[in-house]
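Worksheet: the structure to be examined is printed underneath.
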Number of protein chains: 2
Amino acid sequence: MATGANITADDVAAEAGVSRWTVTRAFRKDASISAKSRAKVMQAAERLGYVPDLRAASLASDRSNLVALLVDDFANPHKLVMMERLTRVMRRKGWDTLLVNTLDKADTGPALLNASQRRVDAVILIGLQFDDDVLAAAQHARRFSKLIVFARSSQKPDTISIAVDDVQAMRDIAAYVDAQGYRRPFFVAGPRTSSAHLLRKETFIDYWQQTHGLRPDCVNVAAYDPALSGAVVETALKDRARADLPDVLVCENDALAIGAIDTLRHRLGLRVPGDIAVTGFDDIPQADSLNYQLTTYRQPLDEMADYLVEVLDSREDRDMNRLFRGAIVRRDSA
Amino acid sequence: MATGANITADDVAAEAGVSRWTVTRAFRKDASISAKSRAKVMQAAERLGYVPDLRAASLASDRSNLVALLVDDFANPHKLVMMERLTRVMRRKGWDTLLVNTLDKADTGPALLNASQRRVDAVILIGLQFDDDVLAAAQHARRFSKLIVFARSSQKPDTISIAVDDVQAMRDIAAYVDAQGYRRPFFVAGPRTSSAHLLRKETFIDYWQQTHGLRPDCVNVAAYDPALSGAVVETALKDRARADLPDVLVCENDALAIGAIDTLRHRLGLRVPGDIAVTGFDDIPQADSLNYQLTTYRQPLDEMADYLVEVLDSREDRDMNRLFRGAIVRRDSA
DNA sequence: TTGTAAGCGTTATCAC
DNA sequence: GTGATAACGCTTACAA
């Protein structure tokens, strides 16, 4: 076990009969080194089982090639999709990922401190509890140069936001629902309270007021949790007369939508989309299942991830916020 | 931004009027240091915005307090549950997590190398493609002392396996299904091929042969993917006469079970559990949804995670494999 | 193209 | 209880 522990570049240098610095060079793609030297070094390294120590490299160069990924809400399946995509793209480009589970809202500060101690080059936030005020309060712990908010828009200065254009997206959804002929929309919103979070809901309501002069009903669910969403929807709808029921539930994301569908079908005895249509947001894998066939909105995650590594690589200091445009994924639910 | 970059222990020492080593001591829980000195140091550190550099600490002490988590199958929702649990428990105990997305089967070696370069104290494998042969081939890249296989049993020496007792678990499930009166069982297995992976399937078949003298039908699904599972089940059952259909589908895990349920209901027009019952394994969040109410088997993840950190903390070299016993979670699907 | 020497910010060891 | 000093393994000038 632990084959050849503590083999250093010096050992390899001795074995290959060169200097330590030449060993280092051999391990870099760019480097002015003769093919012969490199071969000699590589063979010696192989023989000895040398593995460069990135801690030391990072300490000396002040670049860690490490990025902290702060995640708070592991209940939403979309998190898994994002984590897969981000770690895949980053690893391909030479960035390692420090996964930090932000235990609860109060833990944001400690989590950032954690990342700082590892001297990560950047911190990526994917989550919902990272309100701008939380971020502001936690900023003093910063010892990294880039704070990136992924898949959520943020107004905070000193922060790079890579997200879908919520206003555009929700207008697309509203227009789609409208075009399908639904006239009694009902919005199922998530737990967000700060202004940056209300964009989807507000956009949807605005659209409806402007085009049809009516204000859609809304409910707020305290977490992006399907079961909770179902409970809230049930409470809101169970005592309504059939004629008073909405004809479409527009949900802030798929997790809420799926919980809503389950409740409509299994608690309220309604058909989806027969009696009530439902839309989501995110296009999680489940949305494509036979059972849900959820009409939803897909963010261009690949593009967003590619841009993310571009940001990581960049040394620029200009504004790097970027909004992307996704597309409706039309299925049977609406 | 990057408030007070490069504040080191020396700076704090100067500010507080003590030596660097005293600063270090102040930051440890155990330490022979006077309360007065500590207070002085902490104030100075606060004033300067000092954040200890864990890279340097790790380099000097040869303990990184970093653990690599290798994940290969992001399609299974259970992965999200495990990641949450592990990162939560580890973080509470002072262990940071390096998340490595094992891109494909051939990437196992490079992924381990990646971890080695960061000098992680241990590597945890949660995934299915980590066959024992892959592990063996990749071992030469080891530069960490502990290789832990989590939630999957492994026969490999030099490896610590923390898992549920598959034989015991599958016997429990088989006995349950038997006691419920089902007599035409059908097993839906995952993609695993090596012997360590076949435990659940073999145990189930053995049980049935010994107790009823019959060999249940089986299908293999090439990935733990609900859609794929559904397709395989559909192919296997669609041409059968009603009387030839199984009365229960015992699935190797919940992902397969959920895909199977969708297909039974939406493709084959069967009721679950009315016409065919279904069982799963893992108890993923979805299993408890109104739509599935899946009878499944829960692994004692908290206990397992607690034991994991115990293993991480341990300096012992004895055999640390451990099998846990879970419990059936009885719901409506069987 | 290659080598030398001085850091990088801690911890460990040993004195005091 | 506290303080020097030598590692730890690499990178970065700069010199050869």
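Protein chains get the first letters and strands the later ones, always in sequence-line order, with residue 1 at the start of each. Owing to the predicted nature of the structure, the values given are computational and were not obtained by experimental measurement. What's counted below: heavy atoms across the whole structure, side chains too, no hydrogens, waters or symmetry copies.
- Between the P atom of C:dT10 and the CG atom of B:D53 lies a distance of 6 Å, rounded to the nearest Å.
- Two residues are said to be in side-chain contact when any heavy atoms from C-beta on lie closer than 4.5 Å; A:D121 and A:W95 meet this criterion.
- Checking B:G17 against A:S58, the closest nucleotide of DNA chain D that is more toward the 5' end is the one next to B:G17.
- The CG atom of B:N6 sits 10 Å away from the P atom of C:dT10 (whole-angstrom rounding).
- Here B:S61 does not reach the OP1 or OP2 of C:dT11: none of its side-chain N or O atoms lies under 4.0 Å away.
- In this structure, B:Y50 has its ring center under 6.0 Å from that of B:F27.
- Proximity of A:T24 to the phosphate of D:dC10: no side-chain N or O atom is located under 4.0 Å from OP1 or OP2.
- At a threshold of 4.0 angstrom between heavy atoms, the contacts of B:R63 with the nucleic acid are absent.
- For B:R20 against C:dT10, a side-chain-to-base donor-acceptor contact under 3.5 Å is present.
- Here the side chain of A:R152 pairs no donor or acceptor atom with the backbone of A:V149 at under 3.5 angstrom.
- Within the nucleic acid shown, A:R25 comes within 4.0 Å of at least one base atom, counting heavy atoms only.
- Spacing between atom CZ of A:F27 and atom C1' of D:dT11 amounts to 15 Å, rounded to whole angstrom units.
- Of the N and O atoms on the side chains of A:T87 and B:N101, at least one donor lies less than 3.5 Å from an acceptor on the other residue.
- Whole-Å rounding puts the B:R119 CZ to D:dG9 C1' distance at 9 Å.
- The separation between A:W21 atom CH2 and C:dT4 atom C1' is 12 Å, rounded to whole Å.
- Among the protein residues, A:T22 comes within range of the sugar-phosphate backbone only, with heavy atoms under 4.0 Å from sugar or phosphate atoms but none that close to a base.
- Rounded to whole angstrom, the span from the CZ atom of A:R28 across to the C1' atom of C:dT2 amounts to 15 Å.
- The shortest distance between the side-chain N/O atoms of A:S19 and the OP1/OP2 oxygens of C:dT2 is not below 4.0 Å.
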